[in-house]
Amino acid sequence: TQLLEQSPQFLSIQEGENLTVYCNSSSVFSSLQWYRQEPGEGPVLLVTVVTGGEVKKLKRLTFQFGDARKDSSLHITAAQPGDTGLYLCAGGNRDDKIIFGKGTRLHILP
Amino acid sequence: KAGVTQTPRYLIKTRGQQVTLSCSPISGHRSVSWYQQTPGQGLQFLFEYFSETQRNKGNFPGRFSGRQFSNSRSEMNVSTLELGDSALYLCASSSYSRNTEAFFGQGTRLTVV
């Protein structure tokens with residue numbers, strides 16, 4: 001069974017600080033997505049990474065896919081209150097099944 | 001391009017009743033997946049439909065069922081509701097692609113009393 005483990009589960013930091021959250025698995029994924037979800041809403045797709053070692057930047061967010069395509073990280077620079085939310089990673093396998101991690105709940109204090 | 005539309009947004013039902021939720025995917029997307037989200041369990045996969053056929057199924061009891069119509073719109077049904085079925089039900093649509101990106105609707109908040 002493929003699993004995605006996200007860490008930390010909860011993170012509360014001050015505005016302006018940097019942070020990194022992780023998404024790890026023992027399985028190889030053909031692609032990996034990161035989503036952000038706000039309370040009472042559906043997850044919103046942030047990025048997709050498909051190549052081992054790939055790095056993508058979205059303003060202050062940097063996403064990296066591990067060389068072996070088993071793990072990923074999300075780094076936020078100078079966090080802002082608008083970054084608050086639940087960050088989910090999801091991996092796609094060759095059968096086109098999508099596996100979701102349980103998420104990291106991030107709270108940025110103003 | 002219109003996004004994924006789920007109706008209704010909120011529902012309150014009594015234990016033992018049944019409920020039907022609706023999802024209209026992004027135009028051109030043929031895959032529709034359903035998820036249950038609760039604070040304790042996170043996002044749990046219910047089932048996926050592709051071209052009117054159930055392609056994948058999660059570990060939920062038979063009370064949870066779904067279907068997809070020829071226009072790719074999907075419905076999910078839960079019969080004999082239990083208190084534990086209270087959750088946010090999310091629908092996601094995907095194009096048939098290698099990247100398996102999912103685009104979610106806003107969800108239906110179901111409360112069973």
Side-chain angles (χ1 to χ4, degrees), chain A residues 1-10 21 23-25 27-52 54 56 58 63 65 69 72 85-107, chain B residues 1 3-11 21 23-26 29-51 53-59 87-111:
Chain A
T1 304
Q2 290 181 301
L3 290 173
L4 277 169
E5 294 189 3
Q6 292 191 243
S7 60
Q9 285 187 330
F10 303 95
V21 298
C23 175
N24 294 301
S25 176
S27 303
V28 174
F29 289 95
S30 57
S31 67
L32 196 136
Q33 289 80 38
W34 284 92
Y35 297 81
R36 179 170 65 217
Q37 184 180 20
E38 299 187 14
E41 302 291 331
V44 174
L45 179 65
L46 296 174
V47 77
T48 294
V49 285
V50 296
T51 306
E54 182 176 3
K56 280 193 173 178
L58 186 66
F63 304 86
F65 202 13
R69 290 185 290 136
S72 181
L86 177 67
Y87 288 81
L88 295 160
C89 68
N93 64 16
R94 293 180 183 178
D95 296 326
D96 289 327
K97 290 186 181 178
I98 305 175
I99 311 296
F100 277 87
K102 293 202 171 188
T104 291
R105 192 164 296 281
L106 177 63
H107 185 55
Chain B
K1 201 177 198 181
V4 178
T5 303
Q6 288 188 247
T7 56
R9 285 294 310 274
Y10 304 94
L11 263 180
L21 312 181
C23 173
S24 294
I26 291 172
H29 284 190
R30 294 161 66 189
S31 169
V32 174
S33 297
W34 288 89
Y35 295 85
Q36 181 195 66
Q37 188 176 36
T38 58
Q41 297 297 320
L43 258 175
Q44 291 191 288
F45 172 72
L46 280 154
F47 28 67
E48 182 207 358
Y49 286 86
F50 181 83
S51 294
T53 301
Q54 189 179 86
R55 189 161 71 164
N56 288 306
K57 189 176 189 308
N59 296 323
L88 181 67
Y89 289 88
L90 292 161
C91 162
S93 80
S94 301
S95 60
Y96 186 70
S97 74
R98 176 174 172 266
N99 289 345
T100 60
E101 296 172 332
F103 297 87
F104 285 86
Q106 290 182 300
T108 295
R109 170 72 63 185
L110 172 65
T111 302

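Chain identifiers are assigned alphabetically (A, B, ...) following the order of the sequence lines, protein sequences preceding nucleic acid strands; residue numbering begins at 1 within each chain.
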Hey, could you give me the CG/SG distance between N24(A) and C89(A), rounded to the nearest 0.5 Å? 8.5 Å
Option in C91(B), S33(B), A102(B), G42(B) with maximal non-hydrogen atom pairs under 4.5 Å from chain A: A102(B)
For atom CD of E5(A), is the number of surrounding heavy atoms from other residues, nucleotides or ligands below 6.0 Å larger than 12? no
Tell me, for F45(B) versus chain A, whether the close heavy atoms (under 4.5 Å) come from the side chain, the backbone, both or neither. neither
If I measure from the heavy atoms of chain A, does F50(B) come under 4.5 Å with its side chain, its backbone, both, or neither? neither
Check each atom of Q44(B) against the heavy atoms of chain A and say whether the ones under 4.5 Å are side chain, backbone, both or neither. neither
Here's a test for you: under side chain to side chain contact (heavy atoms under 4.5 Å, CB included), which of E54(A), Q33(A), R69(A) qualifies with V49(A)? E54(A)
Do L21(B) and T108(B) have side-chain heavy atoms sitting under 4.5 Å apart? yes
